[in-house]
Structure formats: C-alpha cells, structure tokens
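Here's the structure, in structure tokens; my notes come after.
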Amino acid sequence: MPAPIRLRELIRTIRTARTQAEEREMIQKECAAIRSSFREEDNTYRCRNVAKLLYMHMLGYPAHFGQLECLKLIASQKFTDKRIGYLGAMLLLDERQDVHLLMTNCIKNDLNHSTQYVQGLALCTLGCMGSSEMCRDLAGEVEKLLKTSNSYLRKKAALCAVHVIRKVPELMEMFLPATKNLLSEKNHGEILHTSVVLLTEMCERSPDMLSHFRKLVPQLVRILKNLIMSGYSPEHDVSGISDPFLQVRILRLLRILGKGDDDSSEAMNDILAQVATNTETSKNVGNAILYETVLTIMDIKSESGLRVLAINILGRFLLNNDKNIRYVALTSLLKTVQTDHNAVQRHRSTIVDCLKDLDVSIKRRAMELSFALVNGNNIRGMMKELLYFLDSCDPDFKADCASGIFLAAEKYAPSKRWHIDTIMRVLTTAGSYVRDDSVPNLIQLITNSVEMHAYTVQRLYKALLDDISQQPLVQVASWCIGEYGDLLVSGQCEEEEPIQVNDLYVLDVLEGLLVSNLSTPVTRGYSLTAIMKLSTRFSSLNRIKKVVSIYGSSIDVELQQRAVEYNALFKKYDHMRPALLERMPIMEKTATNGPSETVQTNGETDSTILDTKHLPSISQPASQVGFLKHGFSIQTCAHFRHLNNIQPLNVIIPPMTAYNKNGLIIEFTFERSNPNPNIAVITIHATNSTEADMTEFVFQAAVPKTFQLQLLSPSSNVVPAFNQGSVTQVIRVLNPQKVRCYCEPRTHSASDLQCIQAINFYLSCVPGESNPQPCAS
Amino acid sequence: MIKAILIFNNHGKPRMSKFYEHYTEDTEQQIIRETFHLVSKRDENVCNFLEGGLLIGGSENKLIYRHYATLYFVFCVDSSESELGILDLIQVFVETLDKCFENVCELDLIFHLDKVHNILAEMVMGGMVLETNMSEIITQVEAQGKMEKSETLTLLFICQSMRQSQASRFSSKIS
C-alpha cells in the first residue's frame with residue numbers, strides 16, 4: 001500500500017479541480033484511501049490522514065469516521081500526533097457523541113504531563129468542548145493547575161475554569177480558594193486578563209460571589225491606574241495604549257461590581273473620570289476604552305457630573321467620521337435613553353441626521369433611537385423626518401417604521417387632522433408594508449373624528465384614484481367611501497377644496513376595485529359592502545342591485561355569501577335596509593394595546609343591528625341569518641375576540657321594567673337555564689293599561705353576532721286592555737363571550753298605538769359585567 | 001463570548017472555520033454561506049458591525065468583520081463582548097499571522113491550515129480571549145513548532161540510519 005499523500009499534495013490536487021463535481025470525486029477517492037489506511041491501523045501515517053480529513057471537513061464533506069482516529073492520536077506519545085488529535089477532537093467531536101467521553105482519561109493524563117505544551121493542549125480542548133460529565137471529572141485537575149506558578153498554564157487554566165463553571169455552575173465554589181491570589185501584584189498582564197475574565201464569570205453567575213468580590217474594587221482600581229500611568233510598554237501595547245484589552249476587561253468587571261452598590265461606585269468615580277478624560281481618541285483602541293468607560297458610568301451609581309460627561313462623550317462619538325464609532329454610540333444611547341432621557345434629547349438633531357446615513361446598520365439604530373426620543377414637544381418635527389425616512393428607506397425597514405409612526409402618532413398627536421394626515425401619508429407611501437391590524441385601528445380613529453369625515457373621505461378618494469395596489473389603503477378607503485359617500489358627493493369639505501364628484505364616478509371606482517387583479521379577497525369584500533351601503537346614500541339603486549346580483553355567483557365563497565345576503569336584503573327585507581345600512585356609531589377602544597372595541601349607541605346615530613325575527617329553529621348563531629356582515633362585519637368582529645378579561649356571569653339579575661310608555665309596560669325577569677348555566681332565560685311580560693286592546697303585538701329582539709338568541713312563541717298576539725292579562729314570551733340568550741349586555745327598546749314606528757306596534761329590543765354588548773340595564777329611548 | 005471565527009475569501013470559499021458552540025456539520029456550512037452572503041453585500045465604507053444571520057442566533061449576536069485584500073475575517077460574538085475590542089482583536093490576529101508566516105497571503109492560509117488553528121488556539125480558547133500579546137503568542141507557537149520538528153527529525157534520523165545500515169550490509173555482501 002503506497003504511503004498516503006501529504007496534506008499539501010491533497011490541497012494542491014483539490015485546487016486543480018475545475019468543477020464542484022470534480023472536487024467531490026477527488027475527495028471521495030481520498031476518503032476511501034484514508035478509510036482503508038485507518039483500517040490497517042497504520043500508526044505512522046495516521047497523523048497525516050487526520051490532517052487531510054480535517055481539511056476536507058472544513059470544505060464541508062462528512063468526516064465523522066475520523067473521530068475514533070483522533071482519540072487514538074491523542075493517546076499517542078508523540079507531540080505531533082497529540083496536537084492533530086486534539087485539533088481533530090475540537091473540530092469533529094462534541095458532547096452529543098458518546099465517543100467524546102473516551103477522551104476523559106487521556107485528558108486527565110495529559111493534564112499531568114511533564115511538558116507544558118501537552119498540558120496546554122489538554123486544557124485547550126477541555127475548555128473548548130468539554131461536556132458537563134468531563135468537566136465534573138476533571139475540575140479538580142484544572143483547579144490544581146490554576147495554582148501553579150507557570151504563567152502559561154495558569155492563564156489557560158483560568159479560561160478552562162470559566163468553561164467548567166459555565167457547564168457545571170455548582171462547581172464554582174471549588175475555584176474560590178484559587179482566586180485569592182489572582183489579582184496580586186506579581187502577576188503579569190496575561191494572567192491578569194484571564195483572571196479578570198474568571199472573576200467576571202463568577203460574579204455574573206452568583207450574587208454571593210458578587211458581594212464577596214466587591215472587596216477587590218480597590219485593587220482593580222489600582223491596577224487600572226498603573227496601566228494608564230505607566231509608560232510605553234512595547235509588549236502589551238496596541239497603537240500606543242498599554243494593554244487595552246485588559247483595561248476594557250477591568251472596566252467591565254468594575255461595572256458589574258459597582259452596579260447597585262454605592263460604596264464601590266464611589267471608589268470608582270475618580271478613576272473613571274480619569275480614564276474618560278485622559279484617553280486618546282485618535283485611534284480605534286482609545287475609543288474602545290472610552291466606550292467601555294461610558295457604559296460603566298451609565299450602569300453604576302455614578303454622580304451626575306460623571307453621567308453628563310459620559311453622554312457628552314457619546315455625543316462626540318456621534319459626530320466622529322468613523323462609522324464604527326457612530327454605530328456604538330447609537331447603540332449605547334439606545335441603552336441609556338430610558339434613564340437619561342433629557343440628556344439624550346440634546347443630541348436629537350445629530351441622531352436624526354444619522355437617519356440619512358448610507359449605512360444600513362446605522363440607519364436601523366438611528367430609527368430605533370428616534371422613536372424612543374419622540375415626545376409631545378418634538379412630535380411635529382420628528383414626524384416630518386421620520387416620514388421622509390419612510391419614503392426613502394429599504395423595504396426591510398418599512399414595516400417597523402410604519403408601526404413605529406402609528407404608535408408615536410397615537411400617543412402624541414397634536415390634532416386630529418394632523419393624525420389623519422400622518423396616517424394617510426404612511427398609507428400612501430408604505431401602504432403594502434403596514435401591519436394587518438392597523439386597518440381596523442385606522443377605521444376606528446376615522447369614525448371617532450366626526451368633524452373630519454368629509455375631509456378624510458375626500459382625501460381617501462383622491463388617493464384611491466391614484467393607486468389601488470396598496471391593500472390597507474384600499475380597504476380603509478372603500479370602507480370610508482361606503483360610510484361617508486354622501487358627504488363626498490355633496491362637496492361639503494371644510495378643510496380642503498371640495499372636489500366635484502358624482503355618485504356614478506364613485507361607484508365606478510368601487511366596482512373597479514372589485515374586478516381588479518390587484519385586489520385581495522378581503523379588499524373585494526370591503527368594496528362589495530361599501531357598494532351596498534351606498535344604496536341608501538346614493539340614488540343609483542338599479543346599478544347597485546345589478547352589481548350585487550352578479551357577485552351572487554362568484555367563485556369566492558365569502559363574496560358570494562355577502563352578495564346573496566345583500567340580494568335577499570333587496571328582495572325580501574327592503575324595509576329594513578335603511579335601518580341596517582345607517583352610519584356606524586362611534587367606537588371606543590377599551591385597551592390601548594389590542595384593538596378591542598365596543599359598540600355603544602348614542603342618541604342620534606343608531607347602530608346597525610341584526611334583526612332576528614322569531615324564527616323557530618334558532619339555536620344557530622345569529623351569524624347564519626344574514627345581515628350581520630354590515631354592522632358587525634369582519635373587522636369589528638375581530639375585536640370581540642379580544643374581549644377576554646370579563647368576569648363570569650354569576651350574579652342574579654333582578655327583574656326590571658324595560659319599557660313603560662303609552663300605557664304599555666314590558667317587564668323582564670331573568671333566570672339561568674338549568675342544564676346550561678351560560679344561557680340566560682328572559683321572560684317578558686307585556687301589560688296594557690290603556691282602554692283598548694293592543695292587537696298584533698310583536699316582540700322582536702336583535703343581538704350582535706356573538707350572541708345566540710332564541711325567541712319562543714308568545715302566549716298571544718293581543719295584549720288585553722285595562723291590565724286584564726298579559727302576554728308572555730320567553731327569550732333564551734346565550735352569551736359565550738360573557739360580555740355585558742344592555743337592551744334598548746326602540747319603537748319601529750311612532751304611529752298608531754292601537755295598530756301594529758313593533759317594539760324592538762336591542763341587546764348590545766359592552767365588555768365588563770353582565771348586567772342588563774334598560775336604556776329607554 | 002465569541003461564538004465562531006470564520007475566514008473566507010471573496011468568493012465564499014472557507015479558509016478556516018472554528019465554532020465555539022455546537023452545531024451540526026450541515027448547519028456549520030450553512031452558517032458560513034449565510035455569513036458570506038451578509039458580509040459580501042456590504043459596501044467598503046460602512047461600519048464593520050452587522051446583526052447576525054438567523055442561523056447563528058439572529059439579532060442577539062453580532063458579526064464583526066474586517067476585509068483584508070481577498071479575505072474576510074469574521075468574528076461572531078454575543079452581546080457580552082465589546083465590539084470595538086473585537087475589532088482590535090482581529091487586527092492583532094492578522095498581525096500575528098503576518099509575523100508567523102512572513103507577509104501572509106491567502107495561499108499560506110490554504111496550505112497551512114493546521115498552523116492557523118494552532119495560532120488561533122493560543123489567542124482564543126473556549127470562545128474567550130486568552131492572550132493578546134503578539135510576541136508571547138509567537139513565542140509559544142514557535143516553541144511548539146520546535147517540539148514537532150524535533151520529533152519528525154528523530155524519526156527521519158532513525159529511518160535514515162536504518163537505511164544506511166541496510167545499504168552497508170548490502171555493499172558488504174557484494175564486496
């Protein structure tokens with residue numbers, strides 16, 4: 001069997017491969033050769049083979065068959081073998097393979113080897129990939145090496161100890177005695193460095209250790225002072241500053257020790273001020289130290305003068321030409337903006353300038369920081385900048401920026417018009433990137449700004465004429481046109497020059513949305529509903545009827561259902577249509593986080609209701625009886641989902657008089673249904689104190705979608721005069737969301753009392769308790 | 001803690017990869033590819049810090065990189081490390097390589113991968129910075145190299161002497 005080729009040859013051969021396939025072929029051939037060589041248990045060339053295997057592993061080819069060979073190499077006596085063996089172990093093995101436990105014994109022996117480099121190799125490997133079992137077995141050896149006088153081994157042992165503590169935190173106490181001498185004066189720079197790392201790790205993991213090591217603060221301060229004051233030391237110096245890595249580490253440890261502790265913080269104040277003022281900032285090294293100093297000052301209980309100094313340093317960083325410095329300055333300002341808001345505000349203009357930087361990382365940081373700095377005073381200026389940023393930024397940013405703008409606008413909007421303008425601007429520039437829940441939020445906001453309805457709908461209409469590709473914009477616009485279409489055509493806008501548009505154009509636009517390929521099914525649903533609503537506001541009834549009937553056979557099930565229901569509304573329930581399609585009332589938000597809404601009636605604007613006459617088989621949810629899509633359509637129903645923090649209905653509701661007018665008295669009594677306690681059973685008693693009988697008395701009730709209502713047959717249609725008898729009827733109400741309900745009687749027609757008097761009771765929902773209360777009209 | 005140290009060239013070919021956290025082989029290769037993709041998009045005059053890719057821990061980890069001629073040196077670190085400090089560390093690493101290899105170039109890294117690993121092992125151990133003093137690192141590396149050389153020399157010497165004795169026996173047989 002010829003000697004296996006050397007690593008160098010292999011590399012040269014692989015580099016001559018011109019295609020990936022050729023390379024793969026060569027590597028497979030070599031792997032086969034290596035495998036047969038391993039099988040022959042050839043000691044001399046094992047080292048070479050494993051080296052080649054590691055190279056192939058780096059290129060991405062499987063090399064797991066070399067794991068055992070690495071172990072054999074580790075067990076060998078030669079240093080070369082051990083070196084490659086340990087390297088292979090670190091690259092190929094990890095704690096998921098059971099094989100790694102076999103290493104434990106070898107490492108143990110090597111930790112006690114006579115040659116320091118072998119010990120070093122063992123420590124290195126243990127520190128890189130030691131599993132918890134290995135660490136437990138070998139912690140004692142590591143601790144012994146921590147106390148040795150050999151500085152080369154001590155520093156490695158310190159870092160190995162850190163790894164052991166990370167894997168098995170319980171062993172921390174074992175290393176405590178060894179740490180006593182770690183910071184003593186006679187230690188050189190390297191040992192100090194790793195010792196500080198070890199101390200940092202122990203302090204981070206255990207508060208007891210933290211208090212124990214607080215007494216080291218004076219020593220650390222002394223070391224730091226020596227470093228700054230000492231002259232030029234060529235070994236540890238980087239660009240003229242002595243051992244910057246150690247300085248940074250000590251500063252970090254001081255930060256951990258000083259956090260929350262007054263005494264330690266005070267002991268550090270002087271040295272921190274000294275470092276902050278004396279460090280040279282012309283090179284990256286100086287800036288690294290300054291940066292660490294600033295972070296430490298902000299974290300400990302430093303005096304206010306020092307904090308101002310720190311923030312000014314950060315401000316100086318922001319103006320630096322070096323992008324890296326600006327980046328770290330923005331990152332640290334983001335961390336401190338919560339605690340030192342005013343100080344950071346001073347640098348607001350610089351931060352806003354960073355939004356225009358070309359660097360993506362800086363832009364992102366600047367954007368986050370800008371949102372954190374927005375407050376009631378600077379909202380207008382900041383929003384201008386942020387909107388400009390939204391126009392020009394990358395698509396990755398647009399979603400975050402848009403949500404940030406919405407949040408800021410909601411909290412600090414100086415006026416409704418400004419708020420609506422801002423939202424319009426966001427929708428038109430970044431419309432496709434806004435989150436889905438902003439559409440209902442916007443609709444709610446628009447509904448609530450009653451005086452701005454005409455202005456809003458006009459602007460939305462104009463935006464729609466320009467561009468129908470951005471779905472959230474289109475959805476909001478079609479909803480508004482449906483609601484306020486009459487304001488649009490009447491040209492009533494006060495805020496702006498009113499546009500002249502007649503209802504045919506508006507219907508053209510809405511129909512255009514329905515047929516356009518750019519519209520999603522949700523958008524189509526919105527436009528169909530909007531067209532339907534316009535049937536009460538515009539006069540082109542036939543056209544609307546035609547549109548609605550066309551979509552009765554649409555492939556999209558949602559559209560089809562809507563169209564069929566609206567058709568039915570035209571044909572059979574035309575008398576209800578105006579009532580159903582009236583304006584929506586003002587919606588209130590119950591929580592600022594989630595878009596939960598309630599529906600309340602106020603005097604003038606009647607809400608659209610779901611009218612359910614007493615249909616016999618009604619334990620189906622009201623949703624199946626059409627008419628619901630309009631008033632409590634998808635967007636508002638989504639909000640009922642969020643009403644989930646309601647107390648359960650366990651109060652007994654006393655009977656009450658729901659209606660008492662014109663001689664007709666209707667009383668409600670309540671009880672719980674026995675088999676299902678969620679169902680409330682309301683019994684109505686209607687009595688008549690006038691002189692004439694009331695004939696054809698009909699009781700109707702309407703409920704929102706989440707309720708289920710069952711009206712049983714009344715005892716009779718005639719309410720006899722002079723309170724001689726009463727009509728009773730039982731209503732069963734299921735309220736699965738356990739929302740509060742109250743009912744309001746509405747007379748359908750204020751005409752002849754003797755004749756048909758339909759009294760519609762309306763059960764609406766308000767989240768909260770479940771106490772029905774009358775609210776007479 | 002340093003999660004990974006990667007060196008790859010302008011075309012994405014890995015020249016050295018060391019992971020201080022456990023990933024499967026496939027994930028490691030994917031991480032290298034993803035990191036190359038992120039880093040190669042960067043302009044020359046932007047800052048040297050990036051959010052980490054999804055595979056390597058997303059936005060909690062940062063990629064700190066430096067571009068020297070045809071090679072990218074990328075350190076993936078978590079939030080406990082100082083970004084500017086790591087930038088200096090990369091500089092020290094490259095200068096050490098330069099001293100060890102005498103005007104290091106990409107070919108040196110290609111053909112002496114094990115040596116690069118040995119140098120790195122003297123600087124970073126278990127994801128933590130071990131030694132930053134260049135001369136100290138070089139001293140240690142050279143000492144270990146000498147040990148290796150002496151072992152191979154002894155082997156060569158033994159083989160040589162064996163062959164010589166064989167040859168002399170042969171020649172004595174002939175003569």
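So you know, we letter chains A, B, ... as the sequences are listed, proteins then strands, and number each from 1. The structure displayed is predicted, hence computed values, not measured ones.
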Among Ser80(B), Ser17(B), Gly127(B), residue most engaged with chain A (heavy-atom pairs, under 4.5 Å): Ser80(B)
A side-chain contact here means heavy atoms from C-beta on lying under 4.5 Å apart; do Asp359(A) and Arg42(B) qualify? yes
For Thr194(A) and Glu131(B), run side-chain contact (heavy atoms from CB on, under 4.5 Å): C-alpha distance rounded to whole Å, both residues' side-chain angles, the deciding distance at 0.1 Å, then the answer. CA-CA 8 Å; Thr194(A) 48; Glu131(B) 177 66 61; over 6 Å; no
Structural part of Tyr152(A) lying under 4.5 Å from a heavy atom of chain B: side chain
Can you say whether Glu204(A) sits under 4.5 Å from chain B via the side chain, the backbone, both, or neither, judging by heavy atoms? neither
With rounding to the nearest 0.5 Å, note down the distance linking CZ in Arg364(A) to CD in Glu51(B). 7.0 Å
Is the shortest side-chain heavy-atom distance between Arg166(A) and Met1(B) below 4.5 Å? yes
Once rounded to the nearest 0.5 Å, what's the spacing between atom CD of Glu9(A) and atom CZ of Phe111(B)? 9.0 Å
Pair Lys41(B), Val360(A) - check side-chain contact (heavy atoms from CB on, under 4.5 Å), show working. CA-CA 11 Å; Lys41(B) 277 198 296 198; Val360(A) 163; over 6 Å; no
If you define the side chain from C-beta out and look only at heavy atoms, does anything of Glu28(B) sit under 4.5 Å from His57(A)? yes
From the list Lys149(B), Arg15(B), Met147(B), Lys13(B), the residue making the most non-hydrogen contacts under 4.5 Å with chain A is Met147(B)
Name the member of Glu83(B), Glu25(B), Gln140(B), Glu21(B) that forms the most heavy-atom pairs with chain A at distances under 4.5 Å. Gln140(B)
May I ask you to name which of Ile289(A), Thr44(A), Thr80(A), Ile362(A) has the most heavy-atom pairs under 4.5 Å with chain B? Thr80(A)
Gln30(B), part contacting chain A, at a heavy-atom distance under 4.5 Å: neither
Proximal component of Thr125(A), with respect to chain B [non-hydrogen, under 4.5 Å]: neither
Between Phe49(B) and Thr331(A), is any pair of side-chain heavy atoms under 4.5 Å apart? no
Find the distance between CG (Leu290(A)) and CG (Leu84(B)) and round it off to the nearest 0.5 Å. 10.0 Å
Which bit of Thr24(B) comes within less than 4.5 Å of chain A, counting heavy atoms only: side chain, backbone, both or neither? both
Just verifying a value: how many Å separate Leu126(A) CG and Met125(B) CE, rounded to the nearest 0.5 Å? 7.5 Å
Tell me, do Val92(B) and Phe245(A) make a side-chain contact under 4.5 Å, heavy atoms counted? yes
Specify which of Ile32(B), Leu50(B), Ile110(B) makes the most heavy-atom pairs with chain A at under 4.5 Å. Ile110(B)
So, taking the atom named NZ in Lys18(B) and the one named CG in Leu87(A), what distance separates them when rounded to the nearest 0.5 Å? 7.0 Å
Given a strict heavy-atom distance threshold of 4.5 Å, which part of Arg365(A) is in contact with chain B: side chain, backbone, both, or neither? side chain
Using a 4.5 Å cut-off on heavy atoms from C-beta on, say whether the side chain of Lys156(A) contacts that of Glu122(B). yes
Is it the side chain or the backbone of Leu159(A) that comes within 4.5 Å of chain B heavy atoms, both, or neither? both
By a 4.5 Å heavy-atom criterion (distance strictly below it), what part of Tyr23(B) contacts chain A: side chain, backbone, both, or neither? backbone
Pick one of side chain, backbone, both or neither for Asp43(B), based on which atoms fall under 4.5 Å of a heavy atom in chain A. neither
Flag for Ser82(B)-Arg249(A): side-chain donor and acceptor within less than 3.5 Å: no
Where does Val124(B) contact chain A at under 4.5 Å (heavy atoms): side chain, backbone, both or neither? neither
Do His163(A) and Tyr20(B) come within less than 4.5 Å of each other through their side chains, counting heavy atoms only? no
Let's test your reading of the structure: which of Val129(B), Leu113(B), Val46(B) forms the most heavy-atom pairs below 4.5 Å with chain A? Val46(B)
Contact origin within Tyr291(A) toward chain B - heavy atom pairs under 4.5 Å: side chain
Tell me, side chain or backbone of Ile86(B) under 4.5 Å from chain A's heavy atoms, or both, or neither? neither
Among the options Ser361(A), Pro62(A), Gly127(A), pick out the one with the most heavy-atom pairs lying under 4.5 Å from chain B. Ser361(A)
Measure across Cys128(A) and Gly126(B) and return the closest heavy-atom pair with its distance rounded to 0.1 Å. SG-N, 3.4 Å
Sequence neighbours excluded, the answer for ring-ring contact (aromatic ring centres under 6.0 Å, His included) partners of His112(B) is Phe101(B)
For residues Gln144(B) and Phe79(A), determine if any side-chain heavy atom of one lies less than 4.5 Å from a side-chain heavy atom of the other. yes
Above 12 or not: heavy atoms from other molecules or residues under 6.0 Å from NZ of Lys99(B)? no
Arg205(A) atom CZ: more than 12 heavy-atom contacts under 6.0 Å: yes
Non-hydrogen atoms of chain B under 4.5 Å away: do they reach the side chain of Leu59(A), the backbone, both or neither? both
How close do Gly85(B) and Ala288(A) get, heavy atom to heavy atom, and via which atoms? N-CB, 4.2 Å
From His193(A) atom NE2 to Asn133(B) atom CG, the distance as rounded to the nearest 0.5 Å: 11.5 Å
Checking heavy atoms, do the side chain of Glu151(B), its backbone, both or neither come under 4.5 Å from chain A? side chain
Tyr55(A) versus chain B, heavy atoms under 4.5 Å apart: side chain, backbone, both or neither? both
So what's closer than 4.5 Å to chain B heavy atoms on Arg252(A): side chain, backbone, both or neither? side chain
Heavy-atom contact with chain A under 4.5 Å, split by part of Ile64(B): neither
Results of side chain to side chain contact (heavy atoms under 4.5 Å, CB included) for Glu142(B) - residues two or more places apart only: Ile138(B)
Can any side-chain N or O of Asn324(A) pair as donor or acceptor with the backbone N or O of Asn48(B) at less than 3.5 Å? yes
For Lys62(B), is it the side chain, the backbone, both, or neither that has a heavy atom closer than 4.5 Å to a heavy atom of chain A? side chain
In terms of side-chain geometry, is the basic nitrogen of Arg83(A) or Asp114(B) positioned less than 4.0 Å from the acidic oxygen of its partner? no
